[in-house]
Amino acid sequence: MDTLASYDELPYDSLPLPETQPDFLAAVARLHGFVAPDPSQARILELGCAQGGNLIPLAWRWLESDCVGVELSRVQAQAGADFIHRLGLPNVRIVHGDLAALPDDLGEFDIIIAHGVFSWVPPAVRHALLDVCRRHLSPHGIAYISFNVAAGWHALQPLRTALIERTSAELPAPERHRQALRVLDQLQAEWSDPFLLKEIAYLKTATPSYLFHEYLAEFNAPMGFGEFAAQLDAHGLRYVGEAGPRRAVVELEDAWGLTPEGMAGRWRDAEAALDDALAIRFRRALVARDDAPCAQPPQAEALRGLAFHADLHSDEEIDLETSTEQGFLNPAGNTFPVALPAMKAAVMALSAAYPGALGYAALLSAASQVLAEYGAGADVDEAAFRDALFQLVLLHGLMPAVVAGSFAVEPGERPCANALALQQANTPGWVVSGARHVAMDLDPTGRMLLGMLDGTRSVDAIASVMRATLAQSGLELPQETVAELTHQQLWLFARQGLLTEPSGP
Ligand SMILES: C[S@@+](CC[C@H](N)C(=O)[O-])C[C@H]1O[C@@H](n2cnc3c(N)ncnc32)[C@H](O)[C@@H]1O
C-alpha cells in the first residue's frame, strides 16, 4: 500500500496535542518515579502524524530537538513537508511511508508519539507499532500510545455498527460522511437510549474527519488495559503511566516491601479494574522498554521537583478566606473545583504568569504572597497544599513540566507574530497553536488579524486595515470599536505566546 485513500480524501484535523509536549511527558514520567531523557534535546518520532499539526509546532518550540514524522497518506505527508519547507524549520521532517516498514537505521528516539493510531490500524500494524517502540526507543525513552478502551467503547458499538451498515463503503469519504449525517438523523428518530442519543448529538457537531475516521474507519478495535499491558509484555515494553487526565488514581495498599516488579503487577491489575469502574473510553499510555527501571503509581512527593502552568479563571469573586469549593475554568470550558485557599491563590499566581511556569517552591511562595496581599493568613500548610496540587495536576487543571520558564511578549508598538503563528494563520487547513501547544479557536477575523502581524504596522494602522476589511464584508463599525477589539485580540495573542520582538529596524 503506498497511500491511505480515506485520509487522502478526508484528511484528519491535525491539531497540537498538549499531552505530547516533551516537558509534560518527562514530568508525568517523574511523577511515576521514572527519569526520562532531557526533553529540550529530545529525538522525537511521531507515527501516523497526519500533516504534522502536532509535530511541527513541537519542533518549532523545541529548536534543539530532532523530529521525524511518519505518515502513510501521501496527501497529508506532502502537506506537512510543504509547510515545513515554507517555515524553513531545520529540525523536523515528515516521511511518507508505512510505520510497519521503517528502516532499521532510523536510529533511537527519546520520545515516540502515536496518537489516534493504535486502535485504528489492522492487527499486524498494531504489532508493528509496538515493535517500532521496542526497536527505536532510547534506553530511558518514553512512548506515548493512545488507544480506545473496550470498557467505555462497548456501549458505543451499536452506533458504529449502524453507521457502517447503513452507509456505502465504496463512496468517496466526503460523500460517505454526508450519508452518515443522514443516518444520524434517522437514528435520532428511531432510538431512545439517552447515552447513544447524547453521542449522536455530539457527532452531528463534530468535525467530519472525527465522525468518519472514528465511526466509519475500517478498523477501530478498542482494547482493555489488561490486554494492552499483555501486548506490551509480549513486545519487550512496560507501562509507565497515564498521560491523559485522570478521574481516579490507583493507590496500592500494603505495597511496602514489594519489589518494583511485584508492585507493577498489582498496579496493572488495579488499572484494568479502573477501566470497568469508570467505563474508561480512551487512554493515553506512556510506555518504556522493559529493561528500563520500573515505574510506579504516581506519587505526590514527586511534585517538589516539577514546575506548573495553568490558564484558568473563575467567573466568581475568589474567596481566599474559606475552604468553600469554587470552580476554575480553562479556555476549553472544563471546570476544576478548588477548595483550599492556598491552592486558589496558587491558581491565581499561575494564571498571572501564563504561559510561563512556576517551580514548586516558587509556586508555594507566590501562593503565600497572594494570600498576604488579599489580607488572608499567609501561612500555608504544605502537606494540604501538595495534596490539592496533586489532585489538580492529575485532572490536568494544572499542567506539570520539568522546567520553569517565561514567554510573555507584550503586543508593543508594532505587533509581530512569530513565524509559526504567521504561517499557520495564513495557510488554510492549519490550526494556530499557542506556546503551551494548545489549539486556538480563532474565527476568520482573528486569523486575518494574526496573519497581518509582520511587525511593519502600528496598532492604529492595524485597526484601520481591520475596519476597512470588515466594511468590505458588510460590517461597518466605528473606529474606536475596532481599535478596542483589535487591542483585546492582540493581548490574547500575547498571552498565548504568539507574538515576538520585531526583528531588524
Ligand atoms: C486518526 S489519524 C490520527 C492523526 C494524528 N496522529 C492526530 O492525532 O491528529 C491516524 C493517522 O495514522 C495514519 N496511518 C494509518 N496507518 C498508517 C501506517 N501504517 N503508517 C503510517 N501512518 C499510518 C493515517 O493516515 C492517519 O493520518
Side-chain angles (χ1 to χ4, degrees), residues 1-21 25 44-59 67-81 83 92-103 106 109 111-133 135-136 143-148 153 160 172-174 177 203 206-223 243-244 281-285 424 429-433 437-439:
M1 203 182 340
D2 70 347
T3 189
L4 272 180
S6 62
Y7 283 97
D8 285 349
E9 291 165 9
L10 188 54
Y12 204 70
D13 299 302
S14 190
L15 305 175
L17 305 158
E19 280 94 0
T20 65
Q21 293 175 95
L25 294 178
I44 304 176
L45 172 67
E46 184 168 353
L47 303 171
C49 66
Q51 64 181 8
N54 182 54
L55 188 65
I56 298 170
L58 283 185
C67 303
V68 179
V70 177
E71 173 51 54
L72 186 51
S73 146
R74 184 183 297 281
V75 168
Q76 294 184 114
Q78 189 60 49
F83 192 87
V92 56
R93 66 195 164 99
I94 291 182
V95 179
H96 171 233
D98 187 346
L99 71 87
L102 292 178
L106 193 61
F109 294 86
I111 296 175
I112 298 181
I113 301 167
H115 183 75
V117 184
F118 188 75
S119 304
W120 301 263
V121 288
V125 181
R126 249 190 325 271
H127 288 293
L129 191 154
L130 297 181
D131 253 2
V132 169
C133 292
R135 276 189 295 136
H136 295 284
Y144 163 112
I145 304 172
S146 66
F147 61 100
N148 275 343
W153 245 90
R160 176 165 149 82
H177 168 258
L203 288 178
T207 60
S209 86
Y210 178 77
L211 170 56
F212 186 89
H213 295 297
E214 188 76 6
Y215 277 87
L216 297 168
E218 186 179 358
F219 297 95
N220 179 347
M223 188 179 276
R281 188 169 156 174
F282 189 66
R283 277 183 178 265
R284 300 167 178 87
Q424 289 171 325
W430 286 78
V431 166
V432 175
S433 53
H437 212 54
V438 286

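Both counts, for ligands and for their atoms, begin at 1 and track the order of listing. As a basis for the values below, the full set of heavy atoms in this structure was taken, side chains included, without hydrogen atoms, waters or symmetry mates.
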Could you check ligand 1 for N or O atoms lying under 3.5 Å from protein N or O atoms and list the pairs with distances?
from, atom 1, to, atom 2, distance (Å)
ligand 1, 6 (N), Gly48, O, 2.7
ligand 1, 6 (N), His115, O, 2.8
ligand 1, 8 (O), His115, O, 3.3
ligand 1, 19 (N), Asp98, OD1, 2.8
ligand 1, 20 (N), Leu99, N, 2.9
ligand 1, 22 (N), Leu72, N, 3.2
ligand 1, 25 (O), Glu71, OE2, 2.5
ligand 1, 27 (O), Glu71, OE1, 2.8
ligand 1, 27 (O), Glu71, OE2, 3.2
ligand 1, 27 (O), Gln76, NE2, 3.0

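Side-chain contact, Ser73 with Asp8: a donor N or O sits under 3.5 Å from an acceptor N or O.
Looking at residues two or more places apart in sequence or on another chain, you find a side-chain contact (heavy atoms from CB on, under 4.5 Å) between Ile145 and Phe118, Leu129, Leu130, Cys133, Ala143, Phe228, Val287.
A salt bridge links Arg74 with Asp2: the distance from a Lys NZ or Arg NE/NH1/NH2 to an Asp or Glu carboxylate oxygen falls below 4.0 Å.
Looking only at distances, no side-chain donor or acceptor of Gln78 sits under 3.5 Å from a matching main-chain atom of Val75.
Heavy atoms of other residues, nucleotides or ligands lying less than 6.0 angstrom from CZ of Arg284 number more than 12.
With Asn54 as the partner, the side-chain hydrogen bond (donor to acceptor under 3.5 Å, both in side chains) test is satisfied by one option alone out of His437, His115, Gln21: His437.
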